[in-house]
Amino acid sequence: MSSVSLPAGIEPSGPRPRHVTATRIGIYAFLLIAALFFLIPLIVMIMTSMKSMSEIRGGNIFALPMQPTLDYWVKAWSSACTGRDCYGLAPGFFNSVKITVLSVPVSIVIAMINGYALSFWRFRGSELMFAILLFGAFVPFQVLVYPIIFGLSRVGLFGTLPGIVIVHTIFGMPILTLLFRNFFASLPVELFKAARVDGAGFWRIFFSVMLPMSVPITIVAVILQVTGIWNDFIFGLVFAGRENMPMTVQLNNIVRTSTGTVEYSTNMAATVLTGAVPLIVYFVSGKWFVRGIAAGAVKG
Amino acid sequence: MSTSVEIKDLSLNYGTVTVLDRLNLEVGKGEFIVLLGPSGCGKSTLLNCIAGLLDISAGQIFISGKNVTWDEPKDRGIGMVFQSYALYPQMTVEKNMSFGLRVAGMPKPEVDARVKRAAEILQLESLLQRKPVELSGGQRQRVAIGRALVRDVDVFLFDEPLSNLDAKLRNDLRVEIKRLHHRLKNTMIYVTHDQIEAMTLADRIAIMKNGVIQQLADPHTIYNKPTNLFVAGFIGSPSMNFIRGDLTGGALNIDGASIPLANYEFKAPMNGAAVLGVRPEHVVVGEEAQKMPFQVESEIEIVEPMGADTIAWTKLGGQSLTFRADAEVRLVPGQKVLIGFDPGRGSVFNGESGERI
């Protein structure tokens, strides 16, 4: 850059003038195109959901709806058929809410205590415990489906709400414990020592000192768990039972139920509705979400 | 003076690594002991053992006559101040200081009275409602001291409390700690790697290396009569000159010179390889050198003006020698000067074992 020759009479002074360079334009153009590319499916889905079936059959998928209508959204929500029943997605939505609202706090509280104990209260074999927990993160969960069905049905929890909550708690445990352990490990150990000299015990240190400091990482954990549990399909299908089928399973049923023509508009509306919760979570908490991914990745 | 802290045959091993090796230490009541040593010498580990924050492998710890070897930190009658302050970030200064008392379930009026007293001593009254992030480093460390103060303990443990502060603040707070000790007269055990802190604060200094106390003595003895080469080289800046030679017939023979050691008080006379240690400030130059038992002509190599004085580098019998001269004495590299010192003020070490002889 030093080879730029200045016009006579101009002495460099103060902030360097900023120029729009070709590199900059290129970067923004690329980012814009990439953003559009990833937005296309969503846009097409939303547009299609507002079109009538005849318009879909006749037209181009990128064309704007000629007579936009929300009828299919209403139908998807309240009267689309999921197998034999025709109550739409609404029951599934409330089932998903129930499952998420119960599983998220339970799994996070347990993981938080795990992480706290593993980073500060080193006991004989605590490293091994942690290694086993971590190993759990790499076991394909399909392998465990049958044993868990067997176990849960023995205690009478198979196909119940507590059953699915337990399953989500178990499968969230490795990654959440890792998240919290790494967070607590990043805190100065002297803080823990000071609290011990002050006479605080396991729970007192946890509630008075550690918990107030864990708000950021807890937000991250909530985001991870809400999106993870909401998007889950297989556990809901297998363990939740007929009464508690989550939204994702209901969505699948709507899309698969084919009596006569496939009603794309309804399917699209139902899909967007199901994806809305994680989508909103991402939009609202983008910064925290990225931080969570980074927190899980660095430091072992 | 009765004993406040007594450590008997304390060992700590991590697997096969020995951090502390059968260590014995007795600290008198009201005494200010400094544990000094390079990083990794086990001084902080020893402090953590005394506090009960580390499980020891062998030995016993007594505090105020009570065997506390298996006691929880809170039951040992100690207060501890950490290098990183370790203040609870979500609590105000007041809550930070009172946390230990609240955990113990002390009645509120008593808690308030103690916090008030500590805040007065440490001049923290106006900061009581602030959070730690709103405090400067020096204030934070004062709060950390206050947290130990309110607990009304017999023994204060300091783990490098000033190492995170800048130079000026460190000097100020050092004086404050000294003042605090004069006022409270508690037993204090203070870990540092800073020899100035050790020399200025301590009643006695314990110099540690590889988990073993090398010398335990008052600062004057440590400085003037170091027990081995490690202690001699560790204390003092610029460090002590070591002149290697051959000890025969009460004189140290080096390349081209013989240093008479007639007025040196030998513990046990010997012949053979020896090292003479001479403090840079004990070497004089010019007219004063003529009065010294040992004099030699030498050439100045490098001069470092420090303001208050000047450090000059020269050679003696082919070995490097530094000396401290008055800032008014003009010294330039290449200059030939007469230097001299009194070998009797130095320290002689066995050339093989490094022990003082």
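Reminder, nothing fancy here: chain letters follow the sequence lines and each chain counts from 1.
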- Message: Is it the case that over 12 heavy atoms from other parts of the model lie below 6.0 angstrom from the CE atom of B:Met91?
- Response: yes
- Task: Measure B:Leu87 against the heavy atoms of chain A and call it side chain, backbone, both or neither at under 4.5 Å.
- Result: backbone
- Given side chain to side chain contact (heavy atoms under 4.5 Å, CB included), test A:Leu178 with A:Phe130 step by step and report yes or no. CA-CA 8 Å; A:Leu178 177 70; A:Phe130 185 58; 3.6 Å; yes
- side chain to side chain contact (heavy atoms under 4.5 Å, CB included) partner of B:Thr18, chosen from B:Asp21, B:Thr16, B:Leu20: B:Asp21
- Message: I want to check something: taking the side chain as every heavy atom from C-beta on, are B:Lys178 and B:Phe32 in contact at a cut-off of under 4.5 Å?
- Response: no
- Query: Going by heavy atoms in the side chains, are B:Glu6 and B:Ile61 under 4.5 Å from each other?
  - Reply: no
- Distance (rounded to the nearest 0.5 Å) between A:Leu157 CG and A:Ile148 CD1: 12.5 Å
- Assess whether atom CZ of A:Phe123 is packed by more than 12 heavy atoms of other residues, nucleotides or ligands within 6.0 Å. yes
- Sorted by chain and number, sequence neighbours left out, side chain to side chain donor-acceptor pair (under 3.5 Å) with B:Asp194 holds for none
With 3.5 Å as the limit, can you list every donor-acceptor pair between chain B and chain A, backbone and side chains included?
{"from": "B:Asn48", "atom 1": "OD1", "to": "A:Lys193", "atom 2": "NZ", "distance (Å)": "3.1"}
{"from": "B:Glu72", "atom 1": "OE1", "to": "A:Arg196", "atom 2": "NH2", "distance (Å)": "3.3"}
{"from": "B:Ser84", "atom 1": "N", "to": "A:Glu190", "atom 2": "OE1", "distance (Å)": "2.9"}
{"from": "B:Ser84", "atom 1": "OG", "to": "A:Glu190", "atom 2": "OE1", "distance (Å)": "2.3"}
{"from": "B:Tyr88", "atom 1": "OH", "to": "A:Ala194", "atom 2": "O", "distance (Å)": "3.4"}
{"from": "B:Tyr88", "atom 1": "OH", "to": "A:Ala195", "atom 2": "N", "distance (Å)": "3.3"}
{"from": "B:Tyr88", "atom 1": "OH", "to": "A:Asp198", "atom 2": "OD2", "distance (Å)": "2.8"}
{"from": "B:Arg151", "atom 1": "NH1", "to": "A:Val197", "atom 2": "O", "distance (Å)": "3.4"}
{"from": "B:Arg151", "atom 1": "NH2", "to": "A:Val197", "atom 2": "O", "distance (Å)": "3.2"}

- Message: With no hydrogens and no angle check, just 3.5 Å: does a side-chain donor-acceptor pair link B:Thr187 and B:Glu31?
- Response: no
- Query: If you count heavy-atom pairs under 4.5 Å between each of A:Gly201, A:Pro188, A:Ala200 and chain B, which one has the most?
  - Reply: A:Ala200
- If you check every heavy atom in residues 103-110 of chain B against those of chain A, which residues fall under 4.5 Å? B:Val103
- Message: Restricting to side chain to side chain donor-acceptor pair (under 3.5 Å), what partner residues turn up for B:Asp172, sequence neighbours left out?
- Response: B:Lys168
